[in-house]
Q: 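Sharing a structure here in structure tokens format.
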Amino acid sequence: MKTIIKLSVLLILLLSTNIFANAVATITALKGSATIERNDTDIKALLGDKLEQKDTVLTKKNSKLQMIFNDETIITVGKSSNFSIDEYLFGENQKPLARFEILKGAMKTITGKIGKIAPQKFTLKAKTALIGIRGTNFIVILGDDSSLETYCTRGAISVTLNKQIYVVKQGFVLIVSHHGKIELKEFSSEDLKNIEKRHFKISKSKEGKVSLDSTLK
């Protein structure tokens, strides 16, 4: 009997190790409800869940979710958003790589170690645009009309559109209208407050599971 118990415990430990070996990020804060799409399966997102390469995170209308990646990159996905982890590598004997994509909604990012040691390997696809970093913090918003707003709140980002590269420095936003018109201009603290209110602030009356992480307030 003792032998059977020991074997069972060992099997559980091996399975747990295998599961966490595939993890690239952890859900550290969640308000409202969200879904993880993995291998054609929908999984209800819960605080503490591990995320893997190829996972897609979908937030509901009055929800937002924060995840921390293995290199300490922090990404917050706003209301009614669709965000995917296309490719992510970070660890021993691995060349760092972070390729993300946002198909709908809003997200904000605080880049981690990959942004410092290999910024050229950190990219975000936002429909027709490709966003690169230089060790930075930024916000991306995709409008329902296919418009795009990319705010740089620290450092600098590069936005590639139709093979042309635009450098967006701290304090500036690159706006692409649904007609394709491109505008680069400064933004104010009031603009950031409005973004927070529209895309990341959750109505208390409809609030779901709440973490104690103050970075998601």
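Just so you know, these numbers come straight off a predicted model, no measurement behind them.
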Q: Looking only at non-hydrogen atoms, find the nearest pair between L51 and M67 and report the distance.
A: CD1-SD, 3.6 Å
Q: Determine whether a donor-acceptor pair (N or O, by modelled atom type, separation under 3.5 Å) exists between the side chain of D71 and the backbone of T73.
A: yes
Q: Within a strict 4.5 Å, meaning less than it, do heavy atoms of the I74 and T109 side chains meet?
A: no
Q: What pairs of residues pass the ring pair (Phe, Tyr, Trp, His ring centres under 6.0 Å) test when at least one of them lies in residues 33-65, not counting sequence neighbours?
A: none
Q: Among residues two or more places apart or on two chains, list those pairs meeting ring pair (Phe, Tyr, Trp, His ring centres under 6.0 Å) that have a residue in residues 75-99.
A: F69-Y88, F83-F100
Q: Does any N or O in the side chain of S63 come within less than 3.5 Å of the main-chain N or O of S33, such that one atom is a donor and the other an acceptor?
A: yes
Q: Donor-acceptor pairs are to be reported for all side-chain atoms of residues 165-181 against protein atoms at under 3.5 Å, with residues two or more places apart or in another chain.
A:
unit_1	atom_1	unit_2	atom_2	d
Q170	OE1	G155	N	3.2
S177	OG	H179	N	3.2
S177	OG	G180	N	3.4
S177	OG	K181	N	3.0

Q: To the nearest 0.5 angstrom, please state how far the NE2 atom of H199 sits from the NZ atom of K108.
A: 11.5 Å
Q: Using side chain to side chain contact (heavy atoms under 4.5 Å, CB included), reason through T150 and I139 one step at a time and then give a plain yes or no.
A: CA-CA 6 Å; T150 55; I139 300 169; over 6 Å; no
Q: If you take all heavy atoms of P119 and G115, which pair is closest and at what distance?
A: CB-O, 3.3 Å
Q: Sequence neighbours left out, what passes side-chain hydrogen bond (donor to acceptor under 3.5 Å, both in side chains) with D42? Give chain and number order.
A: none
Q: So, using side-chain contact (heavy atoms from CB on, under 4.5 Å) as the criterion, who are the partners of A129 when residues are at least two apart?
A: L148, V159, L161
Q: Can you sort out the partners of N137 under side-chain contact (heavy atoms from CB on, under 4.5 Å), two or more places apart, ordered by chain and number?
A: I110, T153, R154
Q: If I take atom OG1 from residue T76 and atom CD from residue E196, how far apart are they, to the nearest 0.5 angstrom?
A: 8.5 Å
Q: Enumerate the residue pairs fulfilling ring pair (Phe, Tyr, Trp, His ring centres under 6.0 Å) with a member in residues 24-44, sequence neighbours excluded, ordered by first and then second residue.
A: none
Q: Give me the one residue out of L103, L65, N82 that meets side chain to side chain contact (heavy atoms under 4.5 Å, CB included) with L58.
A: N82
Q: Rounded to the nearest 0.5 Å, what separation is found between the CG atom of D40 and the CZ atom of R38?
A: 12.5 Å
Q: If you count heavy atoms of other groups shown closer than 6.0 angstrom to CG of N39, is the number above 12?
A: no
Q: So, using side-chain hydrogen bond (donor to acceptor under 3.5 Å, both in side chains) as the criterion, who are the partners of T26 when residues are at least two apart?
A: K50
Q: With sequence neighbours excluded, tell me which residues meet side-chain hydrogen bond (donor to acceptor under 3.5 Å, both in side chains) with T35.
A: none
Q: Checking M107 against S81 for the side chain to side chain contact (heavy atoms under 4.5 Å, CB included) test, could you report, in this order, the C-alpha distance in whole Å, the side-chain angles of both residues, the deciding distance, and whether it holds?
A: CA-CA 8 Å; M107 60 166 284; S81 299; over 6 Å; no
Q: Please round to the nearest 0.5 Å and tell me the distance separating atom CD1 of I43 and atom OG1 of T41.
A: 6.5 Å
Q: Examine L184 and L130 and state if one hydrophobic cluster contains both, with Ile, Leu, Val, Met, Phe, Trp and Tyr joined whenever side-chain heavy atoms are less than 4.5 Å apart.
A: no
Q: Rounded to the nearest 0.5 Å, what separates atom NZ in K79 from atom NZ in K60?
A: 16.0 Å
Q: Under 3.5 Å, side chain of N194 to main-chain N/O of D191, donor-acceptor pair present?
A: no
Q: Evaluate the side chain to side chain contact (heavy atoms under 4.5 Å, CB included) criterion for residues T160 and K163: first the C-alpha distance (whole Å), next the side-chain angles of each, then the deciding distance (0.1 Å), finally the verdict.
A: CA-CA 6 Å; T160 303; K163 298 182 179 181; 5.6 Å; no
Q: Test L46 against I27 for side chain to side chain contact (heavy atoms under 4.5 Å, CB included), laying out the working first.
A: CA-CA 7 Å; L46 298 173; I27 296 174; over 6 Å; no
Q: Can you name the nearest heavy-atom pair linking A23 to N70, along with the distance?
A: O-ND2, 3.1 Å
Q: How long is the straight-line distance from CG of L192 back to NZ of K197, given to the nearest 0.5 Å?
A: 15.0 Å
Q: Could you report the tightest heavy-atom contact between I141 and A106, atom names first, then the distance?
A: CG1-CB, 4.0 Å
Q: Under 3.5 Å, is there a donor-acceptor pair between the side chain of K54 and the main chain of D86?
A: yes
Q: Hey, could you give me each pair passing ring pair (Phe, Tyr, Trp, His ring centres under 6.0 Å) that has a residue in residues 137-159? Not counting sequence neighbours.
A: Y151-F187
Q: Apart from L89 itself, what residues make up its hydrophobic cluster, given side-chain heavy atom links below 4.5 Å?
A: L97
Q: List for me each residue that meets side-chain hydrogen bond (donor to acceptor under 3.5 Å, both in side chains) alongside S80, sequence neighbours excluded, and say none if there are none.
A: none
